[in-house]
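Here's the structure we're looking at; comments come further down.
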Amino acid sequence: MATSTKARSRKAKPIAQNEKPGPPLKWAGGKRWLVPHIRAYWEHNCERRLVEPFCGGLAVALGLCPGRALLNDINAPLMNFYAWLKKGLSRTRIGMRNDEDTYYAHRDRFNALLMSGRGRNKEAAELFYYLNRTGYNGLCRFNSKGEFNVPFGRYRRINYARDFSAYREVLEGWEFMCKDFEALPVEPGDFIYADPPYDVQFTKYAKEDFSWADQVRLAEYLAAHEGPVVLSNQATDRIVALYEKNGFTLSFLEGPRRISCTGDRSPAMEVLAVRGVKT
C-alpha cells in the first residue's frame, strides 16, 4: 500500500527527552530497558516509519518517539485504549479507587462490555486503564472465553492519571491496528521492531495463544521484509537457531527478569536479532 504524500512529508517532531510522556500503562515484560539498544539502530533510520507488530505497553515507541508509526497488537482491549488515548482520553465516567470490591465490580463490568460486543467504547478504555493500574503486577491476561481474569493487585498506593492530553501531540502521526502481523499494510522501507510473546510456556496474553508455529511464521515474515528489522525475544536455543537460520545477526543481553521457577535467580538472557539495519 502506498504511503500518502502527507504521510511521507511528516517529519519526526523534535521533542525534548524530558517532555516525552512515559508509557501510560503498567506492562509486564515491558521493553523500556531495551530502548537504548534499539535506538542505536533507529537513529540511522529515524526518517522511516516505525512498525511494531506487537506494540504492548508502548515503551519502545514512546522511547523512540517517531514522527510516523504503525502500531499493532492482537490484544483488542489494549488497542481500544490507545485509540481513545489518541483522541484525548479523559476520565469522566468511572470512579477509580484502590479497593478490592471496586476492582472486581469494574472487572465484571469490563467483561460484560467485552462479551456484549461493546468493548470499543470509551467506558471500556477507561476500565482497561483502571484494571491495568490496579490489577496484579501489570499483568494483562484473558481466559479462553476472552474475559479479563487478572486478580486484584493489593498495592499500597496508586497514582491514577488525571490528564492524558500530553499524548495527543506525540500520537498524532501514529496509526493503531489490531490484526495478525501478516495482515499489516507494511511497506518496503518501514523499520520493523518486533517483540512477540516470549518463547515460554505461558502465552495467554490474549484470547489466542502464540504458538511455536507462530514464532516460525514470524521469523520467516521478518526475514522477507526488504527494510530494517530488529527483533527481541528470550534467548532460548530454538529461537537462537531459528533466527540464525533466517540470516539475522544476533547479540545477547541480560534482561531485567530473573529465572526463578527452579530457584535459579540468574538474569534471563535476551536476544536481539537484526537484519538490514544501517549503522
Pair Tyr103-Asp108, side-chain contact (heavy atoms from CB on, under 4.5 Å): steps then yes or no: CA-CA 9 Å; Tyr103 179 82; Asp108 288 344; over 6 Å; no
Point-to-point distance, once rounded to the nearest 0.5 Å, from CG of Leu50 to SG of Cys55: 10.0 Å
Heavy-atom donor-acceptor pair, His225 side chain to Val186 backbone, under 3.5 Å: no
Check: Ser116/Arg118 side-chain N/O donor and acceptor closer than 3.5 Å: yes
Flag, side chain of Asp163 to backbone of Ser165, donor-acceptor distance under 3.5 Å: yes
Distance in Å, Leu89 CG paired with Phe81 CZ, rounded so as to fall on 0.5 Å steps: 6.0 Å
Modelled atom types, side-chain donor and acceptor of Arg120 and Asn80, under 3.5 Å: no
Arg107 with Glu147: basic N within carboxylate O range, under 4.0 Å: no
CZ/Arg32: more than 12 non-hydrogen atoms of other groups inside 6.0 Å: no
Closest non-hydrogen atom pair between Pro77 and Asn75, with its separation: CD-OD1, 3.1 Å
Side chain Asp199, main chain Ile239, donor-acceptor under 3.5 Å: no
Heavy-atom closest contact (Met79 atom, Phe176 atom, distance): CE-CD2, 3.6 Å
Non-hydrogen atoms of Val216 and Leu242 that approach each other most closely: CA-CD2, 4.0 Å
Minimum side-chain heavy-atom gap Asn246-Leu222 below 4.5 Å: no
NZ or CZ of Lys31 within 45° of Tyr193 ring axis and under 6.0 Å: no
Distance in Å, Glu126 CD paired with Asn121 CG, rounded so as to fall on 0.5 Å steps: 9.0 Å
Cation-pi check, Arg68 onto Trp174 ring (under 6.0 Å, within 45° of axis): no
Atom OH of Tyr136: over 12 foreign heavy atoms under 6.0 Å: no
Beyond-backbone contact of Tyr198 with Phe210, side-chain heavy atoms, under 4.5 angstrom: no
Side chain Tyr167, main chain Gly22, donor-acceptor under 3.5 Å: yes
Name of the residue among Tyr82, Tyr129, Trp84 meeting ring-ring contact (aromatic ring centres under 6.0 Å, His included) with Phe164: Tyr129
Distance (rounded to the nearest 0.5 Å) between Asp101 CG and His106 NE2: 11.5 Å
Inter-residue atom distance His37.NE2 - Ser251.OG, 0.5 Å rounding: 8.5 Å
Close side-chain approach of Val200 to Gln234, heavy-atom, < 4.5 Å: yes
Intermediate values then yes/no, side-chain contact (heavy atoms from CB on, under 4.5 Å), Val230 and Trp42: CA-CA 9 Å; Val230 177; Trp42 169 253; over 6 Å; no
pair Val277-Val229: side-chain heavy atoms closer than 4.5 Å: no
Aromatic ring pairing Phe128/Phe148, orientation class (parallel under 30°, perpendicular over 60°, tilted between): perpendicular
Minimum heavy-atom distance between Pro196 and Leu231, given as atom pair plus value: CD-CD1, 3.8 Å
Salt bridge flag under 4.0 Å for residues Glu172 and Lys86: no
Aromatic ring pairing Phe248/Tyr243, orientation class (parallel under 30°, perpendicular over 60°, tilted between): perpendicular
Residue pair Glu254 / Trp33: nearest heavy atoms and the distance that separates them: O-CZ3, 3.8 Å
Distance (rounded to the nearest 0.5 Å) between Leu114 CG and Lys145 NZ: 13.5 Å
Sidechain-backbone polar pair: Arg49 side chain, Pro66 backbone, donor-acceptor under 3.5 Å: no
Check ion pair Arg217-Asp180 (N to O, under 4.0 angstrom): yes
Stepwise side-chain hydrogen bond (donor to acceptor under 3.5 Å, both in side chains) test for Tyr160 and Thr134: CA-CA 9 Å; Tyr160 299 106; Thr134 317; 2.9 Å; yes
Pro185 side chain reached by Met177 side chain, heavy atoms, under 4.5 Å: yes
Val170 side chain near Leu62 side chain, heavy-atom distance below 4.5 Å: yes
Arg48/Asp190 salt bridge by N-O under 4.0 Å criterion: no
Glu52 side chain to Ala194 backbone, donor-acceptor under 3.5 Å: no
Exercise: identify the closest heavy-atom pair between Asp195 and Ser232: OD1-OG, 2.9 Å
Steps toward side-chain contact (heavy atoms from CB on, under 4.5 Å) verdict (Ile94, Leu127): CA-CA 8 Å; Ile94 68 169; Leu127 286 167; 3.6 Å; yes
Whether Asn45 side chain and Pro228 backbone form a donor-acceptor pair below 3.5 Å: no
CG (Asn137) with more than 12 external heavy atoms under 6.0 Å: yes
Contact check, side chains of Glu244 and Leu250, non-hydrogen atoms, under 4.5 Å: yes
Contact check, side chains of Val150 and Cys140, non-hydrogen atoms, under 4.5 Å: no
Derivation of the side-chain contact (heavy atoms from CB on, under 4.5 Å) call for Val274 and Tyr41: CA-CA 9 Å; Val274 178; Tyr41 300 108; 3.7 Å; yes
